[in-house]
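Read the numbers this way: they start at 1 and go in the same order the structure lists the ligands and their atoms.
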Amino acid sequence: MLTKEHAGRPKSWPRPDSAGYRLANYMLENNMYLPIEEGGEGENETTPSLVPRENGIKRNASRGTRVVWRDVKVVVEDKVLLKDVAGQVEPGEILAVMGPSGAGKTTLLNTLAGRIPDSSLDTGSITFNGEPLCKRLKRRICYVLQQDIFFATLTLRDTLMFTAMLRLPDAMPYAEKVKKVDWIVEVLDLKKCLDTKIGDDLSRGLSGGERKRANIGCELLTDPALILLDEPTSGLDSSTALSLIRTVKRLALSENKTVVTTIHQPSSQIFTVFDKLCLVLNGELAYFGKASEVLDFFENLGMPCEPHYNPADFILEKMKESKEVELKILAGSYERRKTCRLAPLGENEVVMRRPREEESYPSSSNGGSTYVRMDSEKGTATYWAGGSSGRKWSSGDKDTPEEKQGKWPTGFLTQYRVLTQRNFLQARPKMLSKWNFIQTFGIGLIIGLMWFQIPHTEDRIMDVGGVLFFCVMYWGFVFVMDALAAFPMELVVLNKERAAGYYRLSAYYLAKLTSELPLTLLLPSGFLTLCYWMAGLNTVGPFFATWAVLMLSSLAGQSLGLFISAACLDFQRAVTVASIFMMGSSLLGGFYTTQVPHWLAWVKFTSFLNYAFHGMLIIEFTPENPFSCAPPATSAFELCRSNATVNGTVPVLPPEYILGGLKVELPLYTDIAMLIAFIVVFRALAYVILRFIYKPR
Ligand SMILES: Nc1ncnc2c1ncn2[C@@H]1O[C@H](COP(=O)(O)OP(=O)(O)OP(=O)(O)O)[C@@H](O)[C@H]1O
């Protein structure tokens, strides 16, 4: 019977102090785990619920997934990246993929994760308990990337909780999600750094090992069938690396997870933790089998390893020794494969192959790759074409009714809500940093002092224009450049999360736009308040109207920055494009020159600064805020020259004269409509680029 403490815990996630977990721990510490024999059980059978182990110890194995891949050949742009690669990994096992740099380890991992384009998989089949890899099964794979990609300003607790909220189904109660996070924290030993910021190269946060475990933790939340780890130990010291691999092994054993990891140069202690080994050499399979038997394989080839030598070092040295040795290893592997048993083909399993040029096949003209289904039992082959939307070769592609309900783990509203909270939290420290405040109010103060209480006279009209233009230009630049700097970093996280199917892009985008709005508007509001009143411009009503125009202008700048960032995807290029655009916009924004060469006149209509500046001038120069004429001898206006002082009263300039002199031609509503159009169009364009052009796999 479950105790109260256990009652809310999902059945599949035992506590770290559970008997299963303690047993796994004990077995690992005492080297009592045994790899399961290759082949043997029928592919479609569920692994027996209890697998006999050494010393009579039994392990619960009812939920495991056997993953088998055969004849995998990957070709990209006529380059063969993988050739005839086969293997099998059982629940509770760790398979290490090793080989020299560029051998094809990551390509193999990407292939197993279904993250290569359909057109690149030339031949091969990948099955999970006999079911061919399909969209539904892909969602049960967790892929821990080599880089630990997170928002640096969030704490580990926030990161895990947001991931749980996004990746665990809406139907799961909140308390259950919290318990799952607690469990991950305990299993991966992350408790002591739960409230530490993730950090990055510039700001200290989690240590390398903690970040790696956090990365694994975020992926494990979904209770995956297959865990793929790409170089999980890179950048870690040997003891942290060993502890990490041991943790993964413990998890594999206690949870019956199937683990495949690429690794560069494991220590001999790490090497002993691996159950199976897959050596890849120039895209070909150099060895597949028990890790403990790899040295026998090399010895049989006449390459004995010296006692006490790290087997991993020995293997890599041999693989890189010479072309001759390389050929010898591959020949040995070929011979070995003749006797190596993989699980038999499953009922629904087909080994697919793209037809060769000389083969004729029907219906090859519909644009997609053409595949051949080879039924090994009947000895038949059927050709058919599959569009880029997916392969139509397996009954396994069919989702269950529950899975059909949605491609995403959570609904749009949940995604929007969680992403809004997360974006707000992660943007807040950056936007409201002490230095941003110092910069904003420092510059605001300088502007206020420079143009302190501008007299309302004709000769100071340009000063009023100067203050307003500076506000528009300053915040235009700040928002464009901020978006250029922040968005590419965010794109990396977005890319990872989209590839793993966390959420809809539309939910992310909408959340980003709304969550940052209050933060975006706070600093320019403070800045304008300071400058406006120090410069003694107009009254309260026009102040709020000017504020509204400045907000629209700032958002237009941000939208432009997002668009340039998404279109360029390269910071340096984006800065160059943005600088040219913004300098052009500033120069043609109507303040520096009112006499633009006629062939350049059209450019000012592409400048959002122009619309914002002119809008502010219209708001500022009103009959209620009169500007008096200069003495007739110096006035630029005919009206002032002809109207001399009457009874000591200096005549005032009507606003239309001032606005005419400043070449303000469009009405206020046109300026506002154009600013809104800038915001909408550039944001929409940025979305379209992300949605249709910049698609992660
Ligand atoms: N999209 C691609 N187009 C062309 N060649 C590619 C592509 N992706 C990978 N390659 C090439 O395939 C080979 C294998 O790459 P892969 O990243 O799988 O190697 P790896 O064994 O993981 O290397 P490392 O240990 O250095 O990460 C490399 O020579 C690489 O240049």
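- Asp84 pairs by the side-chain hydrogen bond (donor to acceptor under 3.5 Å, both in side chains) definition with nothing, not counting sequence neighbours.
- Applying salt bridge (Lys or Arg N to Asp or Glu O under 4.0 Å) to Glu90 and the options Lys257, Arg66, Lys290 leaves one that passes, Arg66.
- Paired with Leu494 under the rule side chain to side chain contact (heavy atoms under 4.5 Å, CB included), one option of Arg498, Glu490, Lys496, Glu497 passes, and it is Arg498.
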Could you tabulate the donor-acceptor pairs under 3.5 Å formed by side-chain atoms of residues 226-237, not counting sequence neighbours?
| unit_1 | atom_1 | unit_2 | atom_2 | d |
| --- | --- | --- | --- | --- |
| Asp230 | OD1 | Thr262 | OG1 | 2.7 |
| Glu231 | OE1 | His264 | N | 3.4 |
| Ser234 | OG | Glu231 | O | 3.2 |
| Asp237 | OD1 | Ser239 | N | 3.1 |
| Asp237 | OD1 | Ser239 | OG | 3.2 |
| Asp237 | OD1 | Thr240 | N | 2.9 |
| Asp237 | OD1 | Thr240 | OG1 | 2.9 |
| Asp237 | OD2 | Thr240 | OG1 | 2.6 |

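- Salt bridge present: Lys212 and Asp148 bring a charged side-chain N and a carboxylate O closer than 4.0 Å.
- Residues forming a side-chain hydrogen bond (donor to acceptor under 3.5 Å, both in side chains) with Arg211 (at least two apart in sequence, or on another chain): none.
- For ligand 1, the protein residues within 4.0 angstrom (heavy atoms only) are Val76, Lys79, Leu81, Pro100, Ser101, Gly102, Ala103, Gly104, Lys105, Thr106, Thr107, Glu231, His264.
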